[in-house]
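Structure record follows, encoded as structure tokens.
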Amino acid sequence: MNWDVLFDFSPLVKDFDKLVGAFWATIRLSLVTGLLALILGTVLTAMRVSPTPMLRAAGTLYINTLRNTPLTLVLLFCSLGLSDTLKIQVSSSSTMNFYWLAVFGLSAYTASFVCEALRSGINTVPLGQAEAARAIGLTFTQSLRMVILPQAFRAVIAPLGSITIAMIKNTTVVLVASYLEAASLMKDMFEQYGATLPIFLGFAVGFMILTLPTGFLFGWAAKRWAVAR
């Protein structure tokens with residue numbers, strides 16, 4: 001066995017610029033996906049708790065479908081179904097087009113988990129507060145926006161942090177949507193230099209740099225804004 005090759009750090013040094021660019025692509029993907037997933041997840045939560053049966057049914061169907069579908073299939077649908085079959089082009093640039101297709105697929109998938117986390121947060125809000133909101137004349141939308149959701153968000157900061165970390169790690173799957181980020185570079189480096197330990201550790205440390213501060217931030221926020229009962 002050639003131990004010198006197995007522990008060779010030169011590929012990381014040689015392709016350091018590519019490594020930084022690949023992780024920057026992962027960061028851009030994660031930031032936009034997180035924002036869209038939060039918005040869509042909040043809308044889905046409102047649908048799940050809506051007094052309108054049709055909205056509740058639509059929200060339930062979406063959640064049950066996306067949560068039980070592998071992320072790879074969702075991304076393949078965005079790449080092959082939306083782009084190749086329906087010819088939906090978000091941008092004239094192929095790179096940006098693949099980026100937004102990956103964002104749409106990952107956001108749609110992550111939003112289903114955001115919705116369920118928020119719905120569990122709504123269950124922690126005392127029923128009397130919702131009844132009091134209705135008693136003073138607030139509509140369902142107003143009571144949800146001004147009374148229920150603010151408390152629900154504060155109750156589920158920690159679970160949302162776990163979902164965010166899972167989303168960052170799920171970006172390694174977007175290769176199937178033809179968007180190139182950290183995982184695709186690692187695959188290329190394995191093919192070019194072999195599956196060496198330094199390459200594996202380099203990418204593992206890179207993802208730890210992204211996920212560990214995220215976990216600490218959400219943990220601090222969960223304690224800082226915890227709802228006193």
Side-chain angles (χ1 to χ4, degrees), residues 22-49 59-75 78 99 102-126 144-145 148-177 179 181-184 186 200-229:
F23 273 102
W24 173 239
T26 297
I27 292 172
R28 287 190 297 131
L29 179 64
S30 300
L31 289 175
V32 178
T33 295
L35 178 61
L36 292 181
L38 184 62
I39 295 173
L40 179 57
T42 304
V43 173
L44 289 170
T45 303
M47 293 172 64
R48 288 295 304 271
V49 299
T60 301
L61 177 63
Y62 180 97
I63 297 302
N64 289 336
T65 301
L66 268 293
R67 287 185 69 199
N68 294 287
T69 301
L71 176 57
T72 306
L73 294 183
V74 176
L75 293 171
C78 291
Y99 168 77
V103 166
F104 293 156
L106 194 54
S107 299
Y109 180 81
T110 306
S112 62
F113 295 92
V114 173
C115 171
E116 290 302 275
L118 277 177
R119 197 162 66 95
S120 67
I122 289 177
N123 291 334
T124 67
V125 180
L144 195 66
R145 177 171 55 87
I148 299 174
L149 278 182
Q151 297 183 69
F153 271 109
R154 293 174 64 181
V156 297
I157 291 176
L160 287 178
S162 299
I163 293 172
T164 302
I165 291 173
M167 179 204 66
I168 293 174
K169 293 187 290 186
N170 282 339
T171 58
T172 57
V173 188
V174 301
L175 180 62
V176 301
Y179 181 65
E181 38 67 64
S184 62
M186 184 176 69
F200 169 77
L201 291 178
F203 281 90
V205 170
F207 275 99
M208 288 178 62
I209 291 174
L210 296 181
T211 56
L212 283 179
T214 301
F216 290 140
L217 176 62
F218 276 91
W220 172 82
K223 294 178 182 179
R224 175 68 177 79
W225 290 302
V227 179
R229 300 296 184 191

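None of these values were measured; they are calculated from a predicted model. We use all heavy atoms of the structure for the numbers below, so side chains are in, but hydrogens, waters and symmetry mates are not.
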How long is the span from the [atom1] atom in [X] to the [atom2] atom in [Y], to the nearest 0.5 Å?
{"X": "Glu116", "Y": "Thr45", "atom1": "CD", "atom2": "OG1", "value": "8.0 Å"}
{"X": "Asn170", "Y": "Ile165", "atom1": "CG", "atom2": "CD1", "value": "12.0 Å"}
{"X": "Met167", "Y": "Leu31", "atom1": "CE", "atom2": "CG", "value": "7.5 Å"}
{"X": "Thr110", "Y": "Leu66", "atom1": "OG1", "atom2": "CG", "value": "9.5 Å"}
{"X": "Ile39", "Y": "Leu35", "atom1": "CD1", "atom2": "CG", "value": "4.0 Å"}

Min side-chain heavy-atom separation Arg119-Val49 under 4.5 Å |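 In contact.
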With a 4.5 Å limit on heavy-atom distance, are the side chains of Met47 and Tyr62 in contact?
->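 With C-beta onward as the side chain, the pair stays apart.
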Let me check something: any side-chain donor-acceptor pairs from residues 207-216 under 3.5 Å, sequence neighbours excluded? List them with distances.
unit_1: Thr211; atom_1: OG1; unit_2: Phe207; atom_2: O; d: 2.9
unit_1: Thr214; atom_1: OG1; unit_2: Leu210; atom_2: O; d: 2.8

Does [X] use its side chain to pair, donor to acceptor, with the backbone of [Y] at less than 3.5 Å?
{"X": "Arg154", "Y": "Trp225", "answer": "yes"}
{"X": "Tyr99", "Y": "Arg28", "answer": "yes"}
{"X": "Thr171", "Y": "Ile168", "answer": "yes"}

I need the minimum non-hydrogen distance between [X] and [Y], along with the two atoms involved.
{"X": "Ile163", "Y": "Ala117", "value": "CD1-CB, 3.8 Å"}
{"X": "Tyr109", "Y": "Val74", "value": "CD1-CG2, 4.4 Å"}
{"X": "Ser120", "Y": "Val156", "value": "OG-CG1, 3.9 Å"}
{"X": "Cys78", "Y": "Phe104", "value": "SG-C, 4.4 Å"}
{"X": "Leu118", "Y": "Ala152", "value": "O-CB, 4.1 Å"}
{"X": "Ala102", "Y": "Leu75", "value": "O-CD2, 3.9 Å"}

Check the pair Phe153, Thr42 against side-chain contact (heavy atoms from CB on, under 4.5 Å), reporting the backbone distance first and the verdict last.
-> CA-CA 10 Å; Phe153 271 109; Thr42 304; 3.5 Å; yes
Report the residues that fulfil side-chain hydrogen bond (donor to acceptor under 3.5 Å, both in side chains) with Thr60, sequence neighbours left out, ordered by chain and then residue number.
->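 Partners of Thr60 by the side-chain hydrogen bond (donor to acceptor under 3.5 Å, both in side chains) criterion, ordered by chain and then number, come out as Arg48.
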Residue from Leu36, Leu38, Leu44 passing side-chain contact (heavy atoms from CB on, under 4.5 Å) with Leu40 =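 Exactly one option meets the side-chain contact (heavy atoms from CB on, under 4.5 Å) with Leu40, and it is Leu44.
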